[in-house]
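Below is one structure, written out as structure tokens, with a few remarks after it.
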Amino acid sequence: LLYISYVLTSALSINNKTAEPSSRVYKLIYNDEIGCSYVGAWLSHINLFRKIPYWVDISRAEAASTEVYNRLPNKYLFKNFDAHYVNHLSMFEHLNSNKYGFSEAQRKSRILAQSAFEGECGAIVAVNMSQIDLTSIAIVPFYGGLPPNGTSHLSDSLGQGNSKVDEDTKALQCLATVCSCLRYFGHVFIGISRAPDRALLINKLNFPFASGIRSRVTIVEFTVSRPIVQVFHLLVWTQHYLKLHNCAAFQVSPSSATNLSDSQRKPSEKGRSLKKVPWWKGKLKRLYFNDSLLNIDQNDVMRHKASLSAAEAAAYDICSPLSIQHSLYAVAPLNVTHIHYFDPLGTEMDIRHHKMMKRVGEIGGYEVHAVHSHPIRYIYYTEADQIVRFDSLLTVHAIKAASNATTYFLGRRRDKARDSDPVDYMGSLSRGSHCGRPQEMYMLDFPKSSLVY
């Protein structure tokens, strides 16, 4: 029996801290060890994220992180281990399985996952939405199945941390991760490739205490050659989603294009052209995901950028015609079968799709559900079994302010002690790995400056 009231009280207390500091000097460590980049989680500015040429058919999940790391000159860790870290939930399973066998590991992992789900998603009701940065999103690839030869050795790598626990436990871990992201980021997109995973997640999102998060979660289901590649399908899909969303003000609907026949248009759009509708007025409900028909007026982009602050203007760099790296993933298909979401009233909505993308630049008649009334500037990526923590909202703002096309910040991956109480899901965590160059100290004096020195 889980001590649900204890879990909820513990989680809610995280949101009821004393007043946040208004300024802080952060000590940073330069990270020159690629192994430390595999936290399986990172926060990126849009002008970095859009430049990563992901190969969508690759079988190395760690490339989702190493491709970012390898393209940057500036990558930092906080000296303070508590400033930014993730609680790697599935490691608890591995530690217990090695000592006590899988049955006991499954039992304890289930308690941990249930506690984390109730604690993180139940706590969302106490989050002050005015403090959430709506210009940021999180993306979480989720696979509920077993690794290949799931009863054999843990080195059979696939899915959620090589985990062999049942799919319901994995779904709980995923939504605990999602809800932890919603403490700091405006919306979460979950990428899946199995219909059973969609049913699992939707069932959990219908829990009463999850009502506050439903409209902030979208499930994108892909058709893939093998489950591991859905990670990169989600990353590439997000790159294009960001371009279409941020550039909506300068986009002409493809229904006005001569190479889109009336048979491909919605009945309400046949024979007429839609007006340009800027996202910042909150009127745009759907965007055509059609790169080949995207008509962006660069003069409009430049005029609007001139009226924005430097930080706001940076979000528009993605609107340039060659803003996304196409070279590596153009050879593989990218197919979406469903986009499932809840409207603001909690009603379930499902958009079905067919042949979304044959190759980059040839995308036919596909609609994207637009969930934001703000431009998107930051993307947080994480594996589906990692609760994220920042020690304050000021730290989140500092990381974002200092992130750009050449700079990002890594957290640390921490694991729960094998014999600790699984109900106390955030208790007894390891400190995290020592890496980087601790002898070379850097500083970030925020908000006085957004530059690392």
Side-chain angles (χ1 to χ4, degrees), residues 11 14-15 20 39-50 64-65 68 83-87 116-117 119-142 173-191 201 205 210 212-220 234-235 237-239 241-242 245-246 279 311-312 314-315 318 341-342 344 368-404 408-411:
I14 297 173
N15 292 287
E20 292 261 343
V39 178
W42 40 265
L43 178 69
S44 168
H45 188 279
I46 192 172
N47 287 333
L48 165 60
F49 179 71
R50 67 183 176 86
S65 298
V68 181
H84 173 31
Y85 65 91
V86 296
N87 175 0
F117 170 58
E120 293 301 300
C121 295
I124 292 298
V125 298
V127 172
N128 183 349
M129 283 301 298
S130 67
Q131 296 179 322
I132 301 298
D133 181 5
L134 298 179
T135 69
S136 60
I137 63 170
I139 54 176
V140 182
F142 171 66
Q173 292 176 345
C174 175
L175 287 175
T177 298
V178 166
C179 289
S180 74
C181 292
L182 291 174
R183 293 172 180 266
Y184 312 107
F185 311 116
H187 199 89
V188 176
F189 292 86
I190 307 173
L201 295 173
L205 286 169
I213 69 169
R214 290 181 193 135
S215 63
R216 298 174 61 199
V217 177
T218 298
I219 301 170
V220 185
L234 177 62
L235 288 161
W237 181 89
T238 304
Q239 287 177 322
Y241 177 82
L242 296 176
H245 176 75
N246 281 17
W279 49 257
E312 290 173 326
I318 201 172
Y341 63 97
F342 294 82
V368 173
H369 171 57
V371 295
H372 304 276
S373 58
H374 296 74
I376 302 167
R377 302 188 185 95
Y378 304 98
I379 302 89
Y380 178 74
Y381 168 87
T382 182
E383 295 174 4
D385 58 342
Q386 302 199 120
I387 294 173
V388 61
R389 281 290 186 270
F390 298 90
D391 63 359
S392 69
L393 287 175
L394 184 69
T395 300
V396 183
H397 299 323
I399 290 177
K400 290 177 180 176
S403 297
N404 53 50
Y408 86 142
F409 297 80
L410 288 161

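What you see below is based on every heavy atom in this structure, not just the backbone, and it leaves out hydrogens, waters and symmetry mates.
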Looking only at heavy atoms, which two atoms of [X] and [Y] are closest? And how far apart?
X: V39; Y: G411; answer: CG2-O, 3.3 Å
X: S180; Y: E120; answer: CB-OE1, 3.3 Å
X: I139; Y: P141; answer: O-CD, 4.0 Å
X: S403; Y: I399; answer: OG-O, 2.6 Å

Scan side-chain atoms only and decide if H187 and T218 contain a donor-acceptor pair under the 3.5 Å cut-off. yes
Go through the steps for I387 and Q173 under the test side chain to side chain contact (heavy atoms under 4.5 Å, CB included), then give the verdict. CA-CA 8 Å; I387 294 173; Q173 292 176 345; over 6 Å; no
Do [X] and [Y] touch side chain to side chain, with heavy atoms closer than 4.5 Å?
X: C181; Y: T382; value: yes
X: I190; Y: C174; value: yes
X: I46; Y: L242; value: yes
X: F390; Y: H397; value: no
X: T135; Y: I376; value: no
X: V188; Y: I137; value: no

Given T177, V217, I132, the one that forms side-chain contact (heavy atoms from CB on, under 4.5 Å) with L182: V217
In this structure, NE2 of H84 is separated from OH of Y184 (nearest 0.5 Å) by 9.5 Å
When rounded to the nearest 0.5 angstrom, what distance separates OG1 in T238 from CD1 in I379?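 T238 atom OG1 to I379 atom CD1 measures 8.0 Å (nearest 0.5 Å).
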Over 60° means perpendicular and under 30° means parallel, so tell me whether F185 and Y380 are parallel, tilted or perpendicular. parallel
Would the distance check show the side chain of [X] and the main-chain N or O of [Y] forming a donor-acceptor pair, the cut-off being under 3.5 Å?
X: S44; Y: F49; answer: yes
X: Y381; Y: A138; answer: no
X: R214; Y: L205; answer: yes
X: Q386; Y: G40; answer: yes

Of K400, R377, R183, which is the lone residue that meets salt bridge (Lys or Arg N to Asp or Glu O under 4.0 Å) with D133? K400
For the pair F189 and Y241, evaluate ring pair (Phe, Tyr, Trp, His ring centres under 6.0 Å) and give the outcome as yes or no after the intermediate values. CA-CA 11 Å; F189 292 86; Y241 177 82; 5.1 Å; yes
Determine, stepwise, if the pair Y408 / V68 fulfils side chain to side chain contact (heavy atoms under 4.5 Å, CB included). CA-CA 9 Å; Y408 86 142; V68 181; 3.7 Å; yes
Measure from the ring center of H45 to the ring center of Y378 and say whether it is less than 6.0 Å.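 Aromatic pair counts; centres sit under 6.0 Å.
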Assert yes or no for the condition that the ring centre distance of F409 to W42 is strictly below 6.0 Å. no
